[in-house]
Amino acid sequence: QKEVEQNSGPLSVPEGAIASLNCTYSDRVSQSFFWYRQYSGKSPELIMSIYSNGDKEDGRFTAQLNKASQYVSLLIRDSQPSDSATYLCAVMKTSYDKVIFGPGTSLSVIP
Amino acid sequence: EPEVTQTPSHQVTQMGQEVILRCVPISNHLYFYWYRQILGQKVEFLVSFYNNEISEKSEIFDDQFSVERPDGSNFTLKIRSTKLEDSAMYFCASTERRGETQYFGPGTRLLVL
């Protein structure tokens, strides 16, 4: 079983719609969870970090964490064409400090 | 806003040659990392470094790789004898506290011919 799984996409949404990105992880000792955005040829850019169950909102972005289901999601409201990128779910285990990345979900926001 | 910087942005080398990739982490950060991303694949952890020693390394990080913090600002990744399969983007990252967000540099694109 892969450590961090994401739908590879591409996920296409119209401009102004809500984009929903999902991620599951296999190791229950995972403690810290991150969503990064990566444009083609660029480095990962942090969007959100979440450490406890529930929702965390930052502007148009909402991260949701459910440790019992080992599930993390990212909602992007009012999607813009500039949101078109690959979204990387990343997980950090307790007592380790390496980040384990998922394969990413490609999002395309259609004007 | 402070950021991680990396040099060079691109490096082309011949198979078997040594390369050194350089990073300047954010100044108050204490934990440093190298990751790589082969084209079309996911970002993979290579090594973490704290207090002048390696704290964790992946199976990718074999004897051909080494890291060093030669002074108070630079953090380097050396590949002693490059292979074709070392062609990838190499990202440096740093964080102030273990377990918290890691901030990534812009990357070095390494091409081994």
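Just so it is clear: chains get the letters A, B, ... in the order the sequence lines come, proteins before strands, and each one is counted from 1.
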Within the structure provided, determine whether [X] and [Y] are in side-chain contact (heavy-atom separation under 4.5 Å).
X       : Y      : result
K67(A)  : S30(A) : no
F61(B)  : V67(B) : yes
V109(A) : Q80(A) : no

How far apart are the closest heavy atoms of Q6(A) and Y87(A), and which atoms are they?
-> NE2-O, 2.9 Å
Compare every heavy atom of R77(A) with every heavy atom of T62(A), then report the nearest pair and how far apart it is.
-> OG1-NH1, 2.6 Å
Check: V112(B) main-chain N/O paired with T13(B) side-chain donor or acceptor under 3.5 Å | no
Would a distance-only check, ignoring hydrogens and angles, find a side-chain to backbone donor-acceptor pair under 3.5 Å from E5(A) to T24(A)?
-> no
Residues of residues 26-34 of chain B contacting chain A, heavy-atom criterion under 4.5 Å, by residue number | Y31(B), Y33(B)
Contact origin within [X] toward chain A - heavy atom pairs under 4.5 Å:
X       : value
S48(B)  : side chain
Y50(B)  : neither
T95(B)  : neither
F104(B) : both

For the residue pair Y90(B) and F65(B), does the interplanar ring angle fall in the parallel (under 30°), tilted (30 to 60°) or perpendicular (over 60°) class?
-> tilted
Mutual orientation of the aromatic rings belonging to F49(B) and F75(B) [parallel < 30°, tilted 30-60°, perpendicular > 60°] | tilted
Chain B heavy atoms under 4.5 Å from L88(A): which part of the residue, side chain, backbone, both or neither?
-> side chain
Region of Q38(A) in contact with chain B, defined by heavy-atom distances below 4.5 Å | side chain
Heavy atoms only, distances under 4.5 angstrom: which of Q41(B), M89(B), E100(B), R109(B) has the most pairs with chain A? Name it, please.
-> E100(B)
